[in-house]
Participant: 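Next up is a structure, given as structure tokens.
Just so it is clear, the structure is predicted and the values come from calculations on it, not from any experiment. To find a chain, count down the sequence lines: A is the first, B the second, and so on, and within it residues start at 1.
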There are 2 protein chains.
Amino acid sequence: MARSKPATLKDVAALANVSRATAARALNSYGYVGDETAQKVQAAAGKLGYRGNRLAQALRNGQLPIVGCILGDIQNPFFARIAHDIEVLARECGYNLVIGSSEEELGQEVSLLASLRSLSIRGFIVAPTSAENNAHLQSLIAENVPLILIDRVAEGVDCDSVVVDNEGGARKAVEYLIAMGHRRIGLLQDDMRIFTSRERMSGYQTALGTAGIAPDERMIAVSQSTVEHAVDATIRLFSQKMPPTALFTVDSLMTQGALLAFRSMGLSIPHNVSLIGFDDFNLATFTDPQITVVSQPVSEIGRAAARLLFDRLSGKTDAPRKVRFETKLIIRGSVSRRG
Amino acid sequence: MARSKPATLKDVAALANVSRATAARALNSYGYVGDETAQKVQAAAGKLGYRGNRLAQALRNGQLPIVGCILGDIQNPFFARIAHDIEVLARECGYNLVIGSSEEELGQEVSLLASLRSLSIRGFIVAPTSAENNAHLQSLIAENVPLILIDRVAEGVDCDSVVVDNEGGARKAVEYLIAMGHRRIGLLQDDMRIFTSRERMSGYQTALGTAGIAPDERMIAVSQSTVEHAVDATIRLFSQKMPPTALFTVDSLMTQGALLAFRSMGLSIPHNVSLIGFDDFNLATFTDPQITVVSQPVSEIGRAAARLLFDRLSGKTDAPRKVRFETKLIIRGSVSRRG
DNA sequence: AATGCGTGTGAGATCGATCTCACATCTCAA
DNA sequence: TTGAGATGTGAGATCGATCTCACACGCATT
């Protein structure tokens with residue numbers, strides 16, 4: 001079937017018997033246009049179902065009304081929530097959202113960003129994979145492309161950012177474990193390249209240090225942030241001769257992995273092992289016992305980042321703003337007193 | 001800071017002392033180009049960090065290497081998984097992914113689609129909100145824009161689709177409840193406009209009918225597909241004088257909502273009430289008891305849809321293919337015998 | 001010497017929307 | 001009556017990449 005190409009401005013102009021320039025004026029209401037002419041044009045546009053070609057518009061004025069968003073993994077409910085909130089705000093502002101997963105690979109992040117930049121995308125919200133390797137981010141700044149860092153910051157990249165108090169959250173969690181009598185406290189963490197992982201580990205270490213507990217790397221397991229990987233890592237961690245008596249996990253997928261691992265190992269919470277997770281999740285209160293977590297204001301993060309971005313896009317040029325949300329230890333029932 | 005605009009082909013040509021045409025030939029390797037010239041151009045491009053403007057390319061050849069994806073809500077792990085899988089395949093094929101949430105609003109879906117179409121996007125994967133109102137989808141077909149329906153089909157829209165056996169899955173679940181002696185079986189479902197909701201309800205009704213159980217609309221609650229709404233709807237459903245003895249929920253967020261609602265009402269599973277959910281979820285095996293579910297092969301769906309789309313994009317023009325995956329009843333511990 | 005082909009290159013059109021000009025009118029005041 | 005200003009409109013340039021066309025050269029064949 002002959003697929004009728006979508007109508008162009010030229011078609012509209014022809015139908016209305018005016019020039020393209022006049023048609024454009026009528027449709028975008030700028031400059032002088034006669035009332036009657038304007039009506040003719042509107043009518044013609046309506047009849048043809050005219051819908052400007054955003055590509056051509058973008059080519060002309062240099063930018064596409066799309067914002068790019070590069071996150072670790074949309075399957076993580078934390079990022080899913082953020083992506084959703086950004087998309088909603090973007091839509092309100094007449095933008096669409098391109099999403100890419102870096103899958104926590106720096107290479108992926110770099111190539112994704114390059115690919116999106118060649119689209120003349122107007123701004124980016126990125127959760128950088130690495131705290132150090134960030135030439136690609138710096139070059140965005142250098143070329144004045146609005147960039148908002150989310151969940152993580154990157155050294156030497158001077159731009160708006162939205163993060164939470166990871167260090168404090170982790171510290172509170174571990175201090176609580178210590179106060180409950182635990183000494184062999186495990187840490188199940190993400191790759192150390194990742195900013196949040198690093199900060200949360202730092203909180204963990206600070207808490208141990210303050211309590212005079214010597215760091216012990218056998219207490220630390222690293223895994224990718226998926227339920228499956230976390231299960232394996234937890235099992236490894238708890239298969240030692242002297243396993244931890246408590247575990248702190250750095251995100252909700254890992255917390256869920258730990259839960260599944262404990263069950264498969266026949267370890268019962270909180271009797272055999274205590275657990276605190278970073279980032280709350282829907283069913284944290286449904287398990288038995290309910291899981292104690294460090295919660296972060298997930299619903300604020302994406303919205304805050306999107307607002308920062310759209311401020312920049314509408315021309316704001318003041319100094320970069322660093323938003324930092326507090327975290328909160330929510331005590332439920334997954335930690336037992338050790339004595 | 002003067003933000004140096006990205007280098008254009010003209011810049012490269014100028015630096016290499018050739019015409020734009022020649023530069024283009026050298027970079028895209030077509031037509032005749034002298035060896036020496038080609039090298040000069042490559043060198044110039046390298047030095048300037050030239051990276052073609054995909055917008056201009058797209059304007060010229062009519063299409064942007066982006067695929068659009070309109071789903072109900074990325075926060076639903078089901079859709080998140082699908083979006084993720086599509087993004088991965090798209091990236092492998094050199095495409096980027098634009099994501100939009102219809103939030104199950106037809107209007108939203110229509111305007112999102114219009115907005116993406118004006119971007120000259122090359123193909124779409126859509127989970128249509130409504131089974132009937134689909135002029136916007138039909139017009140895509142009419143204009144030969146590749147479209148893959150996912151999770152749901154739409155009447156009169158003749159294109160590739162990927163769905164699961166909703167009717168059968170729901171039927172098996174309800175038959176099982178009936179076999180376990182339940183008669184007052186509740187249904188917590190999504191809006192009836194939604195294809196899956198309708199099919200799952202149909203399976204529910206068929207099972208009841210076959211067993212000679214009269215339909216009773218007091219057994220049916222409708223809610224949006226979020227944990228919060230599902231909590232409310234469940235509480236309403238179970239606050240009747242003669243509440244159901246078992247509940248079938250049509251997706252995993254609603255299942256989780258039902259779990260939370262039951263707990264807040266002090267109803268224990270499976271003693272006071274039995275539960276089966278459609279769509280498995282991470283913690284379904286972690287709750288006590290574990291939740292019996294109808295599982296669908298989530299990891300296949302997005303990949304299958306993406307493959308169908310990229311087949312179309314690479315020119316395949318055979319008859320629309322209708323992929324349908326089976327569902328499986330996974331019996332765990334959330335259903336008790338009634339009698 | 002005339003013709004043909006293979007090779008290499010540049011000028012210019014094209015995609016669609018926008019914007020700057022220049023050129024018309026028309027009105028009102030000096 | 002002339003000129004200044006407001007009001008309308010169209011021709012053409014522009015954004016950046018691509019592609020068609022025409023033109024050049026060299027070498028080999030008749």
Participant: A:Asp191 side chain to A:Ile194 main-chain N or O, any donor-acceptor pair under 3.5 Å?
Facilitator: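 Side chain of A:Asp191 to backbone of A:Ile194: no pair is present.
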
Participant: Using side-chain hydrogen bond (donor to acceptor under 3.5 Å, both in side chains) as the criterion, list what pairs up with B:Glu87, not counting sequence neighbours.
Facilitator: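 In terms of side-chain hydrogen bond (donor to acceptor under 3.5 Å, both in side chains), with neighbours along the sequence ignored, B:Glu87 is linked to B:Arg91.
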
Participant: Any side-chain to backbone donor/acceptor pair from A:Arg312 onto A:Lys316? Under 3.5 Å, distance only.
Facilitator: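 The answer is yes, because a donor-acceptor pair under 3.5 Å joins these two groups.
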
Participant: Got a list of protein N/O to nucleotides 11-14 of chain C N/O distances below 3.5 Å?
Facilitator:
residue : atom : partner : partner atom : Å
C:dA13  : N6   : B:Arg20 : NH2          : 2.9
C:dT14  : O2   : B:Arg60 : NE           : 2.6
C:dT14  : O2   : B:Arg60 : NH2          : 3.4

Participant: Who pairs with B:Ala131 by side-chain contact (heavy atoms from CB on, under 4.5 Å), at least two apart in sequence or on another chain?
Facilitator: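 Checked B:Ala131 against side-chain contact (heavy atoms from CB on, under 4.5 Å); matches are B:Arg198.
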
Participant: Shorter than 3.5 Å, N or O on both sides, protein versus nucleotides 5-7 of chain D: list them out with atom names.
Facilitator:
residue : atom : partner : partner atom : Å
D:dT7   : OP2  : A:Tyr32 : OH           : 3.4

Participant: Which ones in residues 42-55 of chain A lie close to DNA chain D, meaning a heavy atom under 4.0 Å from one of its atoms?
Facilitator: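 Under 4.0 Å from DNA chain D: no residue of residues 42-55 of chain A.
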
Participant: Using a heavy-atom distance cut-off of less than 4.0 Å, which residues of residues 8-16 of chain A contact DNA chain C?
Facilitator: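 Per residue number, the list reads A:Thr8, A:Leu9.
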
Participant: Can you list the residues that meet the ring pair (Phe, Tyr, Trp, His ring centres under 6.0 Å) rule with B:Tyr50, with sequence neighbours excluded?
Facilitator: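 B:Tyr50: no ring pair (Phe, Tyr, Trp, His ring centres under 6.0 Å) contacts found.
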
Participant: Return the CG to CG distance between B:Asn61 and B:Leu64, rounded to the nearest 0.5 Å.
Facilitator: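 It comes to 9.0 Å.
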
Participant: Looking at CG of B:Leu55 and OG of A:Ser118, how far apart are the two atoms once the value is rounded to the nearest 0.5 Å?
Facilitator: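 Result: 9.0 Å between the selected atoms.
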
Participant: Does B:Lys10 offer a backbone N or O that forms a donor-acceptor pair with the side chain of B:Thr8 under 3.5 Å?
Facilitator: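 Checking the backbone N and O of B:Lys10 against the side chain of B:Thr8, a donor-acceptor pair under 3.5 Å is found.
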
Participant: Looking only at side-chain N and O atoms, does A:Thr22 come under 4.0 Å of OP1 or OP2 in D:dG8?
Facilitator: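 Checking A:Thr22 against D:dG8: no side-chain N or O falls below 4.0 Å of OP1 or OP2.
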
Participant: Test of understanding: with side-chain hydrogen bond (donor to acceptor under 3.5 Å, both in side chains), list the residues that count as partners of A:Ser139, not counting sequence neighbours.
Facilitator: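 Only A:Arg117 meet the side-chain hydrogen bond (donor to acceptor under 3.5 Å, both in side chains) criterion with A:Ser139.
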
Participant: side-chain hydrogen bond (donor to acceptor under 3.5 Å, both in side chains) between A:Asn76 and A:Arg81: does it pass, once the steps are laid out?
Facilitator: CA-CA 9 Å; A:Asn76 187 322; A:Arg81 175 63 193 259; over 6 Å; no

Participant: Using five pairs at each end of the helix from C:dA1-D:dT30 to C:dA30-D:dT1 to define an axis, what is the angle between those two axes, to 10°?
Facilitator: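 The end axes of the helix from C:dA1-D:dT30 to C:dA30-D:dT1 are about 80° apart, to the nearest 10°.
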
Participant: For B:Thr196, which residues count as a side-chain hydrogen bond (donor to acceptor under 3.5 Å, both in side chains) partner, sequence neighbours excluded?
Facilitator: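 Here no residue qualifies.
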
Participant: Taking only N and O in the side chain of B:Gln57, is any of them less than 4.0 Å away from OP1 or OP2 of D:dT18?
Facilitator: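 It does, given that an N or O in the side chain of B:Gln57 lies less than 4.0 Å from OP1 or OP2 of D:dT18.
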
Participant: Under the ring pair (Phe, Tyr, Trp, His ring centres under 6.0 Å) definition, can you give me all pairs with a residue in residues 82-141 of chain A, not counting sequence neighbours?
Facilitator: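 Only A:Tyr95-A:Phe310 qualify under ring pair (Phe, Tyr, Trp, His ring centres under 6.0 Å).
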
Participant: Which residues satisfy the side-chain contact (heavy atoms from CB on, under 4.5 Å) test with B:Phe325, sequence neighbours excluded?
Facilitator: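 For B:Phe325, the residues satisfying side-chain contact (heavy atoms from CB on, under 4.5 Å) (neighbours in sequence not counted) are B:Val162, B:Val164, B:Pro297, B:Glu300, B:Ile301, B:Ala304, B:Val323.
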
Participant: What's B:Asn61 touching, base or sugar-phosphate or nothing? Going by heavy atoms closer than 4.0 Å.
Facilitator: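 Nothing, no heavy atom under 4.0 Å.
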
Participant: Measure the spacing between OG of A:Ser225 and CG of A:Asp73 and express it to the nearest 0.5 Å.
Facilitator: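 Reported value, rounded in 0.5 Å steps: 7.0 Å.
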
